[in-house]
Asker: 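Following this message is one structure expressed as structure tokens.
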Amino acid sequence: QLQLVESGGGLVQTGGSLRLSCTTSGFTFSDVAMGWFRQVEGKERELVASIDWKSFKTSYEESVQGRFTITRDNNKNTVSLEMTDLEPGDTADYYCETGKGRTRYAGFREIWGQGTLVTVSS
């Protein structure tokens with residue numbers, strides 16, 4: 001059974017940093033792309049970062065480019081999101097997600113974990 005467990009969220013001031021982690025099980029992690037999404041209440045979930053199966057290709061939503069870094073460890077089946085220079089607009093529930101294929105172009109499965117809340121105070 002596929003499981004995604006996010007952790008690392010919290011309350012931070014503007015300009016601060018957080019590192020989110022996602023522990024996975026129930027599928028062949030190294031064979032698929034992974035992504036981090038975020039959702040603000042009342043809005044659609046948006047993809048903020050993705051990383052392809054071999055880790056050599058990453059992609060970021062424009063507003064987080066240069067501030068967020070996605071990495072993966074194919075030995076530990078984990079994916080992380082390093083977030084720096086956080087802004088109040090980054091406040092959201094963050095979710096990791098497994099891809100349908102090896103790259104982000106195949107889309108994502110939309111099997112969600114419980115998420116982790118990031119709150120950035122001004």
Side-chain angles (χ1 to χ4, degrees):
Q1 183 179 357
L2 189 152
Q3 283 194 319
L4 306 168
V5 180
E6 301 92 345
S7 63
L11 173 64
V12 64
Q13 291 185 331
T14 296
S17 301
L18 282 174
R19 182 180 178 85
L20 306 184
S21 295
C22 175
T23 302
T24 76
S25 61
F27 64 102
T28 306
F29 180 83
S30 58
D31 277 355
V32 296
M34 294 296 297
W36 279 97
F37 289 72
R38 67 185 179 188
Q39 186 172 29
V40 176
E41 189 171 354
K43 293 188 177 181
E44 289 190 3
R45 209 166 302 208
E46 66 170 349
L47 177 65
V48 295
S50 64
I51 185 166
D52 290 350
W53 70 308
K54 286 288 193 182
S55 294
F56 59 86
K57 211 141 206 170
T58 57
S59 179
Y60 299 91
E61 194 271 329
E62 186 175 356
S63 70
V64 308
Q65 181 77 44
R67 301 188 296 120
F68 289 12
T69 303
I70 186 171
T71 57
R72 65 187 294 161
D73 186 332
N74 287 350
N75 293 318
K76 296 182 179 179
N77 295 345
T78 59
V79 59
S80 298
L81 186 69
E82 187 76 36
M83 306 186 295
T84 63
D85 196 19
L86 283 161
E87 305 166 351
D90 296 317
T91 295
D93 287 302
Y94 284 74
Y95 302 85
C96 67
E97 184 53 277
T98 177
K100 293 180 180 179
R102 291 178 172 178
T103 74
R104 64 189 183 279
Y105 299 111
F108 294 86
R109 288 193 185 185
E110 299 189 3
I111 301 175
W112 307 105
Q114 85 287 350
T116 187
L117 176 62
V118 172
T119 304
V120 184
S121 63
S122 57

Asker: Say you draw a straight line from CG of L2 to OG1 of T24; how long is it, rounded to the nearest 0.5 Å?
Answerer: 7.5 Å
Asker: How far apart are the closest heavy atoms of Y60 and T69, and which atoms are they?
Answerer: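 Of all heavy-atom pairs spanning Y60 and T69, the closest is OH-CA, 3.3 Å.
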Asker: Going only through I, L, V, M, F, W and Y residues with side-chain contacts under 4.5 Å, is there a path from V5 to L81?
Answerer: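 V5 does not cluster with L81.
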Asker: Could you tell me whether a side-chain N or O of R109 sits under 3.5 Å from a main-chain N or O of T98, the two making a donor and an acceptor?
Answerer: no
Asker: Could you check whether any side-chain N or O of T91 sits under 3.5 Å from a backbone N or O of V120, counting only pairs where one atom can act as donor and the other as acceptor?
Answerer: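 Looks like yes, one N/O pair under 3.5 Å.
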Asker: Just by distance, do the side chain of Y95 and the backbone of E6 share a donor-acceptor pair under 3.5 Å?
Answerer: no
Asker: Rounded at 0.5 Å granularity, tell me how far OG1 in T14 sits from CD in E87.
Answerer: 8.0 Å
Asker: Please name the pair of heavy atoms, one in L20 and one in V118, separated by the smallest distance, quoted to 0.1 Å.
Answerer: CD2-CG2, 4.0 Å
Asker: Any idea which heavy atoms bring A92 and V40 closest together, and the distance?
Answerer: CB-CG2, 3.9 Å
Asker: Where do Q39 and K43 come nearest, in terms of heavy atoms and distance?
Answerer: NE2-O, 3.1 Å
Asker: Nearest heavy-atom pair of G101 and A106: which atoms, and what distance?
Answerer: N-CB, 3.6 Å
Asker: Can you tell me how far the CE atom of M34 sits from the CZ atom of F29, to the nearest 0.5 Å?
Answerer: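 It is 5.0 Å, given to the nearest 0.5 Å.
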Asker: Quick check against the 3.5 Å criterion: does D31 have a side-chain atom that pairs as donor or acceptor with the backbone of W53?
Answerer: no
Asker: Whether the side chain of T58 engages the backbone of S50 through a donor-acceptor N/O pair (distance < 3.5 Å, no angle test) should be reported.
Answerer: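 Not a single qualifying donor-acceptor pair exists.
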Asker: Determine, stepwise, if the pair W112 / F37 fulfils ring-ring contact (aromatic ring centres under 6.0 Å, His included).
Answerer: CA-CA 10 Å; W112 307 105; F37 289 72; 5.1 Å; yes
Asker: First locate atom OG of S17, then atom CG of D85, and finally report the distance between them rounded to the nearest 0.5 Å.
Answerer: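 Answer rounded to 0.5 Å: 8.0 Å.
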Asker: Counting N and O atoms only, with roles assigned by atom type, does the side chain of R45 sit under 3.5 Å from a partner on the main chain of D93, one being a donor and the other an acceptor?
Answerer: no
Asker: Can you find a heavy atom in the side chain of T119 that is under 4.5 Å from one in the side chain of S121?
Answerer: no
Asker: What is the distance from atom CG of L47 to atom OG of S59, rounded to the nearest 0.5 Å?
Answerer: 7.0 Å
Asker: So if you build clusters from Ile, Leu, Val, Met, Phe, Trp, Tyr with side-chain heavy-atom gaps below 4.5 Å, do I70 and F108 land together?
Answerer: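 No, because I70 and F108 fall into different hydrophobic clusters, even though each may have its own neighbours under 4.5 Å.
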Asker: Apply side chain to side chain contact (heavy atoms under 4.5 Å, CB included) to the pair N77 and F27, showing each step before the final yes or no.
Answerer: CA-CA 9 Å; N77 295 345; F27 64 102; over 6 Å; no
Asker: I need the D90 CG to M83 CE distance, nearest 0.5 Å.
Answerer: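 It comes to 7.0 Å.
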Asker: Find out whether R102 and D52 are in side-chain contact, i.e. whether some heavy atom of one side chain is under 4.5 Å from a heavy atom of the other.
Answerer: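 Result no, sub-4.5 Å side-chain heavy-atom pair not found.
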Asker: When you measure from the side chain of E97 to the backbone N and O of W36, does any donor-acceptor pair fall under 3.5 Å?
Answerer: no
